[in-house]
**Student:** 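Provided herewith is a single structure, encoded as structure tokens, for subsequent inquiry.
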Amino acid sequence: MSAGFKGRTLLRYTLFQIPDLILLSLGVAAAVRWWGLPVFVGYGLVALWLVKDIILFPILRVAYESDSGSGVDGIRDALGVVTKPLAPVGYVRLGSELWKAELVSGNGPVSEGSAIRVVEVRGLTLIVEPLIASEP
């Protein structure tokens, strides 16, 4: 992972933690003012909150990464298997997921069990082509 990419992830994580830190600080300030909470305890609570964020960053880092290679880019060029014949619309399985699929224009029907490659994604429909030309 590049240093710039890791830096952006850390910045994104930090920016999402700021509202919680502000709310905690306001709550601690109110507790110090109105309930007589000792100031050092207030500082200790804020410090513990910051330590919690530092400890959780390595665990939550993946959720804050912006370019994880998933989504449409992760599906394009993926290989799958036809589960309901494509003539020209049917269903294919990519890994453990079942997708509605449509053949690229110019291809004949593709039978169940045939291998396909994803060419494009249009909404929730995959545009696919057979790996080996199927016979009608």
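Being a predicted model, the structure only gives us computed values, none of them experimental.
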**Student:** Could you pull out the closest heavy-atom pair between Val46 and Ser25, with the gap in Å?
**Tutor:** CG2-OG, 4.2 Å
**Student:** Between CG of Leu86 and CD of Glu129, what distance do you get to the nearest 0.5 Å?
**Tutor:** 12.0 Å
**Student:** Flag the pair Ile127 / Val121 as yes when at least one side-chain heavy-atom distance between them is below 4.5 Å, and no otherwise.
**Tutor:** no
**Student:** Assess whether side-chain contact (heavy atoms from CB on, under 4.5 Å) is satisfied between Val51 and Ile55, documenting all intermediate values.
**Tutor:** CA-CA 6 Å; Val51 168; Ile55 290 171; 3.7 Å; yes
**Student:** Please walk me through it: do Phe57 and Thr14 pass side-chain contact (heavy atoms from CB on, under 4.5 Å)?
**Tutor:** CA-CA 9 Å; Phe57 175 70; Thr14 302; over 6 Å; no
**Student:** At what distance, to the nearest 0.5 angstrom, does NZ of Lys84 lie from CD of Glu112?
**Tutor:**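 Answer rounded to 0.5 Å: 10.5 Å.
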**Student:** Of all heavy-atom pairs between Arg76 and Val119, which one has the smallest distance, and what is that distance?
**Tutor:**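 So the two residues come closest at CG-O, 3.7 Å.
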**Student:** Distance from Tyr13 atom OH to Ile18 atom CD1, nearest 0.5 Å?
**Tutor:**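 The OH atom of Tyr13 sits 12.0 Å away from the CD1 atom of Ile18.
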**Student:** As an exercise, state the distance from CD1 of Ile75 to CG of Leu126, rounded to the nearest 0.5 Å.
**Tutor:**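 It is 6.0 Å, given to the nearest 0.5 Å.
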**Student:** Tell me the closest heavy-atom pair linking Val81 and Ile116, and the distance in Å.
**Tutor:** N-CG1, 4.2 Å
**Student:** Give a yes or no on this: more than 12 heavy atoms of other residues, nucleotides or ligands lie within 6.0 Å of atom CG of Leu124.
**Tutor:**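 Not buried by this count: 12 neighbours or fewer within 6.0 Å.
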**Student:** Counting neighbours of NZ on Lys52 that are heavy atoms of other residues, nucleotides or ligands and sit closer than 6.0 Å, is the number greater than 12?
**Tutor:** yes
**Student:** Roughly how far, to the nearest 0.5 Å, is CG of Leu60 from OG1 of Thr9?
**Tutor:** 12.5 Å
**Student:** Any chance you could measure Tyr91, atom OH, to Thr125, atom OG1, to the nearest 0.5 Å?
**Tutor:** 8.5 Å
**Student:** What I'd like to find out is whether the side chain of Val82 reaches to under 4.5 Å of the side chain of Ser111, using heavy atoms alone.
**Tutor:** no
**Student:** Flag the pair Leu103 / Pro109 as yes when at least one side-chain heavy-atom distance between them is below 4.5 Å, and no otherwise.
**Tutor:** no
